[in-house]
Amino acid sequence: MFNENSICVKVRFSAVLAGTYKFADVPDLLNLRDEVGKKLTQMGYDINNETPAA
């Protein structure tokens, strides 16, 4: 299981914030998508609309 400190979570989180990937591209592997989604939501990223919150 992944947590917020897992390297896979950090890499995917950074890639989505940088625009390299969209949240929808994060694989649904174990709880990876959930953990990345939590971090993105905490940063104000709207994972449903794929755009940063204003």
Quick one: does any side-chain atom of D25 pair with a main-chain N or O of K22 as donor and acceptor, under 3.5 Å?
yes

Decide yes or no on side chain to side chain contact (heavy atoms under 4.5 Å, CB included) for N48 and F23, but give the supporting numbers first.
CA-CA 9 Å; N48 297 314; F23 178 69; over 6 Å; no

Calculate, to the nearest 0.5 Å, the distance between atoms OG1 and CZ belonging to T20 and R12 respectively.
10.5 Å

Would you say the side-chain atoms of R33 pair up with the backbone N or O of V26, donor to acceptor, closer than 3.5 Å?
yes

Side chain to side chain contact (heavy atoms under 4.5 Å, CB included) between V36 and L32, intermediate numbers included
CA-CA 6 Å; V36 172; L32 178 61; 4.0 Å; yes

Do you reckon V9 sits in the same ILVMFWY cluster as I7, going by side-chain contacts under 4.5 Å, direct or chained?
no

Please test K39 against E4 for side chain to side chain contact (heavy atoms under 4.5 Å, CB included), starting from the C-alpha separation and ending with a verdict.
CA-CA 7 Å; K39 286 186 67 136; E4 67 182 33; 4.2 Å; yes

Checking N3 side chain against S6 main chain: does a donor-acceptor pair fall under 3.5 Å?
yes

Passes side chain to side chain contact (heavy atoms under 4.5 Å, CB included), F13 versus L40? Steps please.
CA-CA 7 Å; F13 168 76; L40 289 169; 3.6 Å; yes

Applying a strict under-4.5 Å side-chain criterion to I, L, V, M, F, W and Y, I'd like to know whether M1 and V11 cluster together.
no

